[in-house]
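Have a look at the structure below, then the notes.
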Amino acid sequence: MAVIGFIGLGHMGGPMSANLVKAGHTVQGYDLVPAALAAAADNGVTTVSSIADAVRGADAVITMLPSGKHLLDAYDEVLPHAASGALLVDSSTVDVADARAAHQRAQEAGFGSIDAPVSGGTAGAEAGTLTFMVGGSEADFQRAESVLEPMARKVIHCGGPGNGQVTKMCNNLILGASMIAVSEAFVLGERLGLSHEALYDVAAVSTGQCWALTTNCPVPDLVETSRANHDYEPGFAAALMLKDLNLALSAAEQSGTDASLGRLATDLYRRFNEEGGGGQDFGAIIKSIREHSGS
Ligand code: NAD
């Protein structure tokens, strides 16, 4: 069993670190927030009072932080104190450029590293059923598998450094745009006298079929797994969808990609966040589309 340093014990890192403890690993956890540390201690994490103490003697170091800036700032403390031979695993969702900068710094300091962002949300973090999208060398990917396994349903190697983040933002570009398209279709149907049931029954078995429709349908009472049935309590919060769409857009701009639909989806999620929807599930964007539709 390994010693794992875990930095960032929030909504995702808290349950992820708990699953590592359950699998028998020794987890040295650190967070800036005392309540996050206390919750982690209740789950068997050995809590410490600095990043240096979290990474000292660890075989692997996992970061689960809000942004690329947080990650690179944390690396100022991780790199001088991590044990030689430690594998650095970043599971935060960050800008591709920041992920590649983190790899570069790790490599220069003599560490193997992977970017390993996740999908599956807090429910997946608690159940240990996250999907990890891994960027890095084949050798580092193989070393990471046993560390990631207690937190994962699937671990997929997506290519070289940064490609885990590329995969994550491409997937969420599809998801954000498709949720808006499904929502617009339901609102259009409503306004033309079509029942939700009729549209669902046809689209779910026709060419409109997609995850936003058949797993997280934005109208309630059609799909058991939908957050719409729970007053749009997330799930995957609209604020995080906006974050991921912004990352996709910034990568599109840097790579010269014509991502017109991505830009529009970002604008619509920004509007919904500005209207106060950020804490709701991203499927609640249907409410904003209804509100902005004419009388
Ligand atoms: P969170 O804000 O709940 O947790 C982040 C934690 O990092 C906080 O507890 C914060 O105190 C801590 N932190 C910040 N700077 C620190 C530092 N220097 N040292 C130690 N701790 C520090 O966020 P979250 O929901 O757990 O998300 C974490 C990452 O996972 C984000 O990048 C997010 O985009 C991504 N993600 C989240 C979800 C989700 O459903 N919540 C799903 C997939 C991916």
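Numbering of ligands and ligand atoms starts at 1, following listing order. In this chain, numbering begins with 1 at the start of the sequence shown.
A distance limit of 4.0 angstrom between heavy atoms and ligand 1 selects the residues I7, G8, G10, H11, M12, Y30, D31, L32, V33, M64, L65, P66, H70, S92, T93, V118, G121, T122, K168, L240, K243.
Applying the salt bridge (charged side-chain N to carboxylate O under 4.0 Å, His left out) test to pairs two or more places apart or on separate chains, those with a residue in residues 42-59 are D53-R56.
Side-chain atoms of T214 and Q209 form a donor-acceptor pair, as typed in the model, at a separation below 3.5 Å.
The side-chain heavy atoms of V155 and V134, taken from C-beta on, include a pair separated by under 4.5 Å.
Partners of D95 according to the side-chain hydrogen bond (donor to acceptor under 3.5 Å, both in side chains) rule, which considers only residues two or more places apart in sequence or in another chain, are S250. When the side-chain hydrogen bond (donor to acceptor under 3.5 Å, both in side chains) test is applied to K69, the partners found at least two apart in sequence or on another chain are D73.
Atom CE of M16 is separated from atom CZ of F132 by 4.0 Å, given to the nearest 0.5 angstrom.
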